[in-house]
Number of protein chains: 2
Amino acid sequence: MDPETMSIREMCDAFDVTPRTLRFYESKELLFPIREGQKRLFTRRDRARLKLILRGKRFGFSLEEIRQLLELYYVGDQQETQLKRTLEVARERLDDLERRRAELDDAIDEMKSQMGMVDDMLASLSGGQKSA
Amino acid sequence: MDPETMSIREMCDAFDVTPRTLRFYESKELLFPIREGQKRLFTRRDRARLKLILRGKRFGFSLEEIRQLLELYYVGDQQETQLKRTLEVARERLDDLERRRAELDDAIDEMKSQMGMVDDMLASLSGGQKSA
DNA sequence: AGAGAAGTTTACGTTAACGTAAAAGAGACG
DNA sequence: CGTCTCTTTTACGTTAACGTAAACTTCTCT
């Protein structure tokens, strides 16, 4: 009823995951739904987190790595040294991501050239005329 | 002795993997070392494949997905329809990769803005002067 | 009250991708 | 010949990330 929160089923439909998955993520401290009696109520914060979790998974991060990343997003009021450490970790992660992107670019290029070769093979099979 | 082939240990040292991993990849038909008696000899082809395998893993592909991708790199002399199908699969994979890259770019941007916020918090803690 | 739908806890099962230990063969060397 | 070192096969163990089934509560509706 509260437009701010969602039931477990609403979450599942919205994000295409199973209840088991949401409970599992809670047990691993990736989500923190509040309770109304027995029932879980997922907040806006949980939805934002889940979105990041699913994205992280698509890049091959483990749930534990994702959990650590999520901490960066909800820093809170910590001490300065803690914040500096957090910032360091964040920069490392960012470098991680940018290295991945560079590799991904390479992979895409290689794949495109591979496909060019396949195109050529097809052309030589159907057409017969070679480009050289 | 043959500069063209490498022993299992040489492979492990060169790629920083364990013998178990190489044997496992062979059992899953990702690598095809030749045999000299009992011993495995890894060829140039195996080295090229292993490089692609390790890259694929870094992007969160499963070994089975990687195996299918590798087929694209070693097409051989198949029929035209087979080649066309192969090409289709390759294009799908390429789209996959480019979607991933787009998402990765978003993630990097978001992370950068997050880090900007952390920077601001640090500045306000040490300096005191706010930027607004 | 009875039935059904949605949610909960508890707990065993499953798949992927190796780790790790045991037992044995094959070549090199003093 | 005996001992190393490298490699092999066989096979049970492990972790991550859920799946799946069983046995309750708790509402809601007729």
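Every chain is numbered from 1, with letters handed out A, B, ... down the list of sequences.
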Closest listed nucleotide, where the reference is the side chain of Arg40(A) and the choices are dT9(D), dG7(C), dT9(C): dT9(C)
Where the side chain of Phe24(A) is defined as all heavy atoms beyond and including C-beta, which of dT8(D), dC18(D), dT8(C) is the nearest nucleotide? dC18(D)
Within the structure, does a side-chain N or O atom of Arg35(B) lie under 4.0 Å from either OP1 or OP2 of dT7(D)? no
For Leu54(A) and dC18(D), give me the distance from atom CG to atom C1', rounded to whole Å. 13 Å
For dG19(C), does OP1 or OP2 lie under 4.0 Å from any side-chain N or O of Thr18(B)? yes
Does the side chain of Tyr25(B) get closer than 4.0 angstrom to OP1 or OP2 of dA17(C) through an N or O atom? no
Atom CG of Asp13(B) to atom P of dT7(D): distance rounded to whole Å? 9 Å
Would you find more than 12 non-hydrogen atoms of other residues, nucleotides or ligands less than 6.0 Å from Glu36(B) atom CD? no
Reference residue Phe15(B); test side-chain contact (heavy atoms from CB on, under 4.5 Å); the match among Leu50(B), Thr21(B), Ile53(B): Leu50(B)
Between dT8(D), dA17(D), dT8(C), which nucleotide gets closest to the side-chain atoms of Arg23(A)? dT8(C)
Rounded off to whole Å, could you give me the CG-to-P distance for the Leu22(B) and dG19(C) pair? 10 Å
What is the distance, rounded to the nearest whole Å, between atom CG of Leu31(A) and atom C1' of dC18(D)? 14 Å
Which of the following nucleotides, dG7(C), dT8(D), dC18(C), is nearest to the side chain of Gln38(B)? dT8(D)
Let me know the distance between CD1 of Ile8(B) and C1' of dT8(D), rounded to the nearest Å. 9 Å
Check step by step if side-chain contact (heavy atoms from CB on, under 4.5 Å) holds for Met11(A) and Val17(A). CA-CA 8 Å; Met11(A) 285 291 279; Val17(A) 294; 5.8 Å; no
Does a nitrogen or oxygen in the side chain of Lys57(A) sit under 4.0 Å from OP1 or OP2 of dC18(D)? yes
Counting heavy atoms from C-beta on, name the nucleotide in dT8(D), dT20(C), dG7(C) closest to the side chain of Arg20(B). dT20(C)
In whole angstrom, what separates Met6(A)'s CE from dG7(C)'s C1'? 15 Å
Taking the side chain as every heavy atom from C-beta outward, state whether Lys28(A) and Glu64(A) have any pair of such atoms under 4.5 Å apart. no
DNA chain D: 5'-proximal contact among Lys39(A) and Thr21(A) (nearest heavy atom): Thr21(A)
In whole angstroms, how far is the P atom of dC18(C) from the CD atom of Glu26(B)? 15 Å
Taking atom P of dA5(C) as reference, at what distance in whole Å does atom CD of Glu10(A) sit? 18 Å
In sequence, state the C-alpha distance, the side-chain angles, and the governing distance for Leu22(B) and Leu31(B), and then conclude on side-chain contact (heavy atoms from CB on, under 4.5 Å). CA-CA 8 Å; Leu22(B) 295 179; Leu31(B) 297 178; 4.0 Å; yes
